[in-house]
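Take a look at the structure set out below.
Values below: every heavy atom of this structure, side chains too, minus hydrogens, waters and symmetry copies.
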Amino acid sequence: MATIGTAIESGSMQTVLLEPTSGEVLAHSTTSLDPDVTAVLPRAISDMRAEAATLNVSVDAVAVVHRSESERAELATAVTDESTVFVSASQSFLSWLARTKDLADASTVLLYYMGERGVSISLADAADATLTPAKNAALDSMSPERIGSTIPLAWEVVDESGKKPQAVALFGDRSSNRDLIDILSLGLGVPVVRVGAADRVAACGAAWLASVSVEDQALVVTEAVDESEEAAGPETIPSVMLT
């Protein structure tokens, strides 16, 4: 069993083929959004299905990440596969967070995104399935002093959430700065984990959610068959829409 997850990240479509039991990414691809997302989405899914066939792996479901209801509506026009589910970006990230080994012991995690133009910080609570709105600040250099200046913003996020983080997840193009982990660990007093392949996080989280929806549907069908007192026609499994 494997599931496909796809999400738009960093101006491209990120697509993964995930084995959900182990969490192993069997294959992944990055596709340019040219000419547009509705043309690229079915091609990215089709290419990943072909990759799965090459690996002799069956695909049980496909999950597509959307960042807004308007984007969801746009993406839905390009999808004809009945096994496809639509998942919000926040759901996808929280799904990844709940399963990633590096953060398995942390239910509340401060998300620290260090991009080219600045920093974006929010707090995720895996237990409550919540994600606070991000706070952003410009960052004109990666000097220790400027990195340290982001700590008060992080504490604002923590104070407003009313929850103490147990770890920091560090993302972004500038997250490899050698001073970052030391400064954030000292300033926030919790372990800092640099997240690898950050552009694939949403796609992986969505693929995990798709695998859960498949298991739930199978359980519903099994229970219906067990409780049936007489033979019936083939079961129709209802489509699952995660919102």
- Task: Would you kindly confirm whether L170 and V157 end up in one hydrophobic cluster when ILVMFWY residues are joined by side chain heavy atoms under 4.5 Å apart?
- Result: yes
- Message: Side-chain heavy atoms nearer than 4.5 Å, only ILVMFWY residues, links allowed to pass through others: does that put V109 and V192 together?
- Response: no
- Message: Is there a side-chain contact between S122 and L131 in this structure, where contact means two heavy atoms from C-beta onward sitting under 4.5 Å apart?
- Response: yes
- Item | Sole residue of D60, T84, V62, V16 in side chain to side chain contact (heavy atoms under 4.5 Å, CB included) with I4 | V62
- Search all heavy atoms of S92 against all heavy atoms of A202 and return the closest pair with its distance. CB-O, 3.4 Å
- Is the closest side-chain heavy-atom distance between V64 and H66 below 4.5 Å? no
- Query: Any side-chain heavy atom of P20 within less than 4.5 Å of one from M1?
  - Reply: yes
- Query: Is the backbone of G205 close enough, under 3.5 Å, to the side chain of S95 for a donor and an acceptor to pair up by distance?
  - Reply: yes
- Query: Do V168 and V193 pass the side-chain contact (heavy atoms from CB on, under 4.5 Å) test, and can you show the C-alpha distance, the side-chain angles, and the key distance before you say yes or no?
  - Reply: CA-CA 6 Å; V168 173; V193 176; over 6 Å; no
- Under the side-chain contact (heavy atoms from CB on, under 4.5 Å) rule, what do L26 and L55 come out as? Steps first, then yes or no, please. CA-CA 9 Å; L26 303 176; L55 297 172; 4.2 Å; yes
- So, the side chain of T100 versus the backbone of L97: is there a donor-acceptor pair under 3.5 Å, distance only? no
- Message: Test side-chain contact (heavy atoms from CB on, under 4.5 Å) on F93 and L111; report intermediate values, then the result.
- Response: CA-CA 11 Å; F93 187 88; L111 313 179; 3.4 Å; yes
- Message: Under a plain distance cut-off of 3.5 Å, with no hydrogens placed, do E51 and T54 share a side-chain donor-acceptor pair?
- Response: no
- Query: What is the minimum heavy-atom distance between A154 and L110, and which atoms define it?
  - Reply: CB-CD2, 3.8 Å
- Item | Atom CG of D105 with >12 non-hydrogen neighbours under 6.0 angstrom | no
- Pair E9 + R200, salt bridge at N-O below 4.0 Å: no
- Message: Using only atom types and a distance under 3.5 Å, with no angle test, would you say the side chain of S185 pairs donor to acceptor with the backbone of P191?
- Response: no
- Item | For the student: nearest non-hydrogen atoms of I151 and I183, plus distance | CD1-O, 4.2 Å
- Query: Going by distance alone, is a donor N or O of one side chain under 3.5 Å from an acceptor N or O of the other, for T108 and D125?
  - Reply: no
- Using the side-chain contact (heavy atoms from CB on, under 4.5 Å) rule, take I147 and L180 through it: C-alpha gap first, then chi angles, then the decisive distance, then the call. CA-CA 7 Å; I147 294 170; L180 260 175; 3.6 Å; yes
- Considering only heavy atoms from C-beta outward, does the side chain of V190 approach that of L184 to under 4.5 Å? no
- Task: Check whether any side-chain heavy atom of W96 lies under 4.5 Å from a side-chain heavy atom of V195, and answer yes or no.
- Result: yes
- Query: Cut-off 3.5 Å, side chains only: do S149 and R146 have a donor facing an acceptor?
  - Reply: yes
- Query: Would you call V25 and C204 a side-chain contact if the rule is heavy atoms closer than 4.5 Å?
  - Reply: yes
- Message: Show the nearest heavy-atom pair for residues V87 and A63, with the distance to one decimal.
- Response: CG2-CB, 4.2 Å
- Query: Quick one: are R67 and R72 in side-chain contact, heavy atoms under 4.5 Å?
  - Reply: no
Table please: side-chain donor-acceptor pairs of residues 112-119 below 3.5 Å, with sequence neighbours left out.
from: Y112; atom 1: OH; to: T150; atom 2: O; distance (Å): 3.3
from: Y112; atom 1: OH; to: T150; atom 2: OG1; distance (Å): 2.8

- Message: Please report the interatomic distance CD(E24) to CG(L17), rounded to the nearest 0.5 Å.
- Response: 9.5 Å
- Item | Same cluster (ILVMFWY, side-chain, under 4.5 Å), V59 and F86 | yes
- Message: Membership question, hydrophobic clusters at under 4.5 Å side-chain separation (ILVMFWY): are V79 and M13 in the same one?
- Response: yes
- Task: Check the side chains of S70 and S68 for a donor-acceptor pair under 3.5 angstrom, ignoring hydrogens and angles.
- Result: yes
- Which distance, rounded to the nearest 0.5 Å, do you find between the NZ of K163 and the OG1 of T130? 3.5 Å
- Note on the structure: Shortest non-hydrogen pair, V65 vs L75, comes out as O-CD1, 3.5 Å
- Side-chain donor or acceptor of R194 paired with backbone N/O of S175 under 3.5 Å: yes
- Query: Distance-only, no hydrogens or angles: does the W155 side chain make a donor-acceptor pair with backbone N or O of G187 under 3.5 Å?
  - Reply: yes
- Do L33 and M48 sit in the same hydrophobic cluster, where Ile, Leu, Val, Met, Phe, Trp and Tyr count as joined when their side-chain heavy atoms come under 4.5 Å apart? yes
- Please report the closest heavy-atom contact between T38 and P42, naming both atoms and the distance. O-CD, 3.0 Å
- Is the side chain of Q166 donor-acceptor paired with the backbone N or O of S107 at a distance under 3.5 Å, no angle test? yes
- Message: When you compare the side chain of Q91 with that of L209, does any pair of heavy atoms fall below 4.5 Å?
- Response: yes
- Query: Atom CG of N177 and atom CE of M142: how far apart are they, to the nearest 0.5 Å?
  - Reply: 4.0 Å
